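I have placed the structure first, in the form of structure tokens, so that the comments after it can refer back to it.
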Amino acid sequence: MSATEPSATPPTGRGALQKREARLAWGLLFPTLAIVSLVVILPLLAIFWISFKPVGLADLRPTVPVVRESVRGSGDDLRLEFRVRNTSQEKVIDGVTLTDTLPLDLVVTEVPEPCTLTAGNLFCDFGTLESGFNERLVLPLDFDGDEDALEELLEGSEPVMTGTADNVLTNTEFTLENFARVFDGDEFWEVLWVTLFYTVFGTIGALVMGLFAAMLLNKSFRGQGILRGLYLFPYVAPVIAVAFTWVTLFDPFSGSANALLIQMGVTEETINFFGQRPLALIMVTVFEIWRYFPLSFLFILARMQSIDSDMYEAADMDGASPFQKFWYLSLPMLVGILSVLFLLRFIWTFNKFDDIFLLTGGNAGTRTLTVNVYEQAFAISNIGAGAAVAVVIFFCLILFAAFFFKFISREEGL
Amino acid sequence: MRHASILAPILGALWAYIGCVTVAVVMSFSTGEAFRPGFLVTLAFGAALGFIALQVRRPAVLVPVVAVVSFLLSALGFGALVIGDGVSTGAEIVAAILMGVTIGAGLALILAELPSGAINRHEAEDAIIRFLTGFGYIFFTAIVLIPFYVMVMTSLKSQSALLQNPLDFSLDFSKGSDLFRSYFELFGQFNFGSYLWTSFVVSVLTVLITLAFSIPGAYAVARLRFQGRAAFSRSILLIYMVPMIVLALPIYIAFSITGLRNTLIGIVLIYPVTTIPVALYMLQGYFRGLPAEVEEAGLMDGLNRLQVIWKITLPLALPALASVSLYVFMIAWNEFLLAFMLLDDPSKFTLTRGVAMLNSSEIPREHLMAGAVIATVPVMALFLGLERFMTKGLTAGSVKG
């Protein structure tokens with residue numbers, strides 16, 4: 001009996017049950033982990049790789065030899081032609097060969113260099129194709145049947161070309177030029193300044209507006225639900241729909257906003273809201289505030305409704321005025337949610353791309369870092385430079401995230 | 001400020017100006033005719049009104065008085081509300097009634113509890129807050145409604161009519177079904193029926209795939225103990241913060257090389273990945289809130305973990321699943337960046353990509369706005385129908401922008 005007496009202390013180390021639970025947990029997490037690392041981690045690594053490479057948009061199309069087969073001439077002058085090309089104007093292709101199967105009963109009178117024809121199998125070894133290579137291989141034929149039928153017969157087998165070209169994505173050529181271009185002079189500082197302006201004012205504006213909207217709706221009255229639904233509209237509607245609506249509304253020629261301002265006597269001539277500095281930057285920031293105040297409003301309202309009303313009653317007894325109650329009671333209760341919202345919205349506004357891209361396309365002094373990624377990669381067709389901007393963004397993000405976790409984990413216990 | 005006969009005229013003047021601007025904007029936007037607020041006259045009118053309202057607080061008296069006075073003032077051309085030439089008498093009467101309702105009734109409400117004579121700080125601030133509240137309702141409703149109003153109305157008007165008078169949104173109902181011409185053309189010539197269907201299929205598939213991945217993951221993070229749980233929980237949030245444009249570039253390259261660009265399979269592959277972290281984060285929060293005892297009872301009765309998830313946790317979590325599904329559906333439906341970068345072939349467009357295609361100088365504005373309406377209406381209908389789930393989903397999904 002005494003030998004099997006249970007010990008008074010709990011078992012240490014990991015027991016079988018615990019191990020099984022952990023195994024199950026990893027099993028359940030595996031699909032998510034796999035797909036996330038495939039689509040998030042891998043691209044992130046790729047972006048670092050690409051940012052050190054001289055890649056343009058055109059380099060994404062693989063450089064391969066191209067061939068077109070055709071039957072030319074007629075009667076005695078009948079000939080089979082292969083037109084071989086290297087479409088790249090810059091790169092050479094190595095180890096280029098052409099193979100094709102010709103009908104056995106076809107008589108080829110002369111096989112050109114560098115080809116051989118054995119038992120209907122045509123094989124040509126071109127070696128290296130220079131950039132822009134474009135030549136015809138002519139095989140004179142001796143044939144006196146129906147020429148249309150011959151063409152069909154030849155179409156039965158397609159010529160196959162092989163050849164490898166140096167791929168800039170996988171070779172070991174590296175450059176720092178992308179980063180040099182990104183950090184180049186005034187442009188970078190302007191982009192950074194625009195990003196900061198947009199992020200800081202967009203975030204603060206949306207928070208303040210959200211706070212006001214939440215205070216409006218933090219009482220029950222008929223129609224409260226309707227108004228709450230209505231105030232969420234800007235956030236729920238597709239960004240593309242609302243962005244184009246704003247562009248239409250503020251159009252300098254046919255926009256209602258300009259017509260209204262002129263009629264009200266606010267301005268004499270039309271204002272090009274999204275087309276001139278620095279108004280365009282202010283307008284995209286206002287759009288950001290308009291579109292995202294519903295989100296902050298929703299959170300702040302949820303927090304407000306969970307504040308105990310006893311406190312306000314006690315304050316009433318003490319004779320506190322409404323503004324005093326807001327300043328000394330409500331606001332301190334909301335500081336937690338406001339700071340969480342501020343940090344999260346800050347990061348998200350920093351990351352925002354669609355809105356500015358749709359409103360101004362990054363013109364008129366509204367090019368933020370994220371728009372710059374697109375601008376470099378697709379407008380200037382320099383994928384490498386776009387990737388370099390993305391790397392810069394990524395490092396900013398790491399900085400924000402470190403700050404976020406240091407600060408928020410205390411606040412919300414995430 | 002501590003005397004009602006000072007505070008009331010100040011609030012009256014400010015409120016009258018706000019009311020006047022509101023009426024002018026509403027009338028301009030609905031008739032296209034010339035209405036504007038006069039500055040000094042309105043302030044004086046409002047100050048006098050604030051003084052009177054202190055004596056007579058009944059809206060039943062104030063509304064008609066303001067309406068009649070404002071009609072007369074406008075007709076004489078002083079105008080709190082200045083009305084241009086050629087405005088029909090009917091419109092003038094409607095404007096006067098609106099003035100009466102907004103300014104008269106509004107002031108009556110603002111000053112309702114303000115005593116005459118000396119007032120204390122509490123009473124003064126109460127009146128100011130009532131004034132600010134009234135202003136807040138008008139302001140927020142206006143900024144939200146005006147863009148959507150313009151979107152719908154522009155889609156029903158012709159571009160040339162709008163160029164002539166950009167404020168005239170009145171509809172010509174004699175045109176009958178021709179009013180919806182741009183919609184017919186979008187569905188007829190621009191293939192919007194198929195885009196609508198594509199968007200629907202892609203969004204539904206995204207929801208299903210997201211749930212299939214995130215439910216087990218969220219359960220594991222919420223309930224099971226394993227090493228690295230806290231780190232995992234954090235890295236979900238971290239991944240959630242990586243901007244899409246950073247990922248979109250390598251994805252574009254990878255899809256170009258593998259030939260997944262311009263395929264819906266590619267889109268369905270990539271959308272769930274943007275939503276899985278959000279869904280996982282939202283669901284694990286909900287699973288944590290469920291009582292663990294029920295699950296333990298299930299385990300005691302001989303179910304294994306997977307059966308517990310399937311038979312106990314999921315039925316209990318149905319409301320959360322609804323919120324998450326709605327939220328994910330909304331993200332997928334509204335997604336623009338990836339669709340824009342990865343789809344070039346008009347036969348495979350999603351709705352947002354289709355609308356982006358309409359943004360060209362060769363296509364009239366009303367088509368673009370009609371496209372915007374088509375993209376907005378389904379997600380709005382879903383939102384209004386299931387608002388409770390949706391707000392819950394939005395609050396839980398907090399961080400997503």
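Sequence lines set the chain letters: A, B, ... in the order given, protein chains first and strands last, and positions in each chain run from 1. Because the structure is predicted, anything quoted here is derived from the model rather than measured.
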Okay, A/Asp316 and chain B: the region with an atom under 4.5 Å from a heavy atom over there is side chain

Checking A/Ile398 now: which residues fulfil side chain to side chain contact (heavy atoms under 4.5 Å, CB included) with it, not counting sequence neighbours? A/Phe394

Most heavy-atom pairs under 4.5 Å with chain B, out of A/Ile41, A/Ile393, A/Leu260, A/Leu249, belong to A/Leu260

With side chain to side chain contact (heavy atoms under 4.5 Å, CB included) as the test, would you mind laying out the steps for A/Leu24 and B/Tyr219 before giving the verdict? CA-CA 11 Å; A/Leu24 178 67; B/Tyr219 186 86; 6.0 Å; no

Is there a side-chain contact between B/Ser214 and A/Thr32 (heavy atoms, below 4.5 Å)? no

Please state whether the side chain, the backbone, both or neither of B/Phe29 comes within less than 4.5 Å of a heavy atom of chain A. side chain

Taking side chain as everything from C-beta outward and backbone as N, CA, C, O, which of these in B/Ile309 sits under 4.5 Å from a heavy atom of chain A? Side chain, backbone, both or neither. side chain

Answer yes or no: is there a donor N or O on one side and an acceptor on the other, between the side chain of B/Asp126 and the main chain of A/Pro322, under 3.5 Å? no

Going by side chain to side chain contact (heavy atoms under 4.5 Å, CB included), name the residues that satisfy it together with A/Ser321, two or more places apart in sequence or in a different chain. A/Phe323, A/Gln324, B/Arg121, B/Glu125

Hey, does B/Met369 have a side-chain heavy atom less than 4.5 Å from the side chain of A/Phe244? yes

Based on non-hydrogen pairs under 4.5 Å, which of A/Val373, A/Leu397, A/Val242, A/Leu33 is most in contact with chain B? A/Leu397

Kindly determine whether B/Ile143 and A/Phe293 satisfy side chain to side chain contact (heavy atoms under 4.5 Å, CB included), including the steps that lead there. CA-CA 11 Å; B/Ile143 60 164; A/Phe293 89 84; 4.2 Å; yes

Between B/Phe148 and A/Phe233, what is the ring plane arrangement, given parallel below 30°, perpendicular above 60°, and tilted in between? perpendicular

Mind checking the CG-CD spacing from A/Asp354 to B/Glu335? Nearest 0.5 Å is all I need. 7.0 Å

Given heavy-atom pairs under 4.5 angstrom as the criterion, report whether the side chain, backbone, both or neither of B/Ile270 touches chain A. side chain

Check whether any side-chain N or O of B/Asn334 sits under 3.5 Å from a backbone N or O of A/Val236 as a donor-acceptor pair, and report yes or no. yes

If you measure from CE on B/Met244 to OG1 on A/Thr370, what distance do you get to the nearest 0.5 Å? 13.0 Å

Whether the side chain of B/His122 engages the backbone of A/Ala320 through a donor-acceptor N/O pair (distance < 3.5 Å, no angle test) should be reported. yes

Under 4.5 Å from any heavy atom of chain A, what part of B/Glu33 do you find: side chain, backbone, both or neither? backbone

Please assess A/Tyr235 against B/Met330 for the test side chain to side chain contact (heavy atoms under 4.5 Å, CB included), listing each intermediate value before the final yes or no. CA-CA 10 Å; A/Tyr235 179 70; B/Met330 188 189 96; 3.9 Å; yes

Pick from A/Ala387, A/Pro43, A/Gly386: which one has the most heavy-atom pairs with chain B under 4.5 Å? A/Pro43

Would B/Phe140 and A/Met209 satisfy side chain to side chain contact (heavy atoms under 4.5 Å, CB included), going step by step from the backbone distance to the final call? CA-CA 9 Å; B/Phe140 279 105; A/Met209 292 271 285; 3.8 Å; yes

For this output row, return yes or no: ring centroids of A/Phe378 and B/Phe340 closer than 6.0 angstrom. no

Please find the pair of heavy atoms, one from A/Ser254 and one from B/Pro166, that lie closest to each other, and give the distance. O-CB, 3.5 Å

Any sub-3.5 Å donor-acceptor pair from A/Ser256's side-chain atoms to B/Leu167's backbone N or O? no

Verify, without hydrogens or angle tests, whether A/Gln263 (side chain) and B/Gly32 (backbone) share a donor-acceptor contact under 3.5 angstrom. no

Which atoms of B/Val25 are under 4.5 Å from chain A, going by heavy atoms: the side chain, the backbone, both sets, or neither? both

Can you confirm whether A/Phe395 is buried at CZ, in the sense that more than 12 heavy atoms of other residues, nucleotides or ligands lie under 6.0 Å from that atom? no

Grab the two heavy atoms, one from B/Pro250 and one from A/Ala46, that are nearest each other, plus how far apart they are. CB-CB, 4.1 Å

Donor-acceptor pair, side chain of B/Tyr137 and main chain of A/Leu216, under 3.5 angstrom: yes

Contact class of B/Leu280 relative to chain A, heavy atoms under 4.5 angstrom: side chain

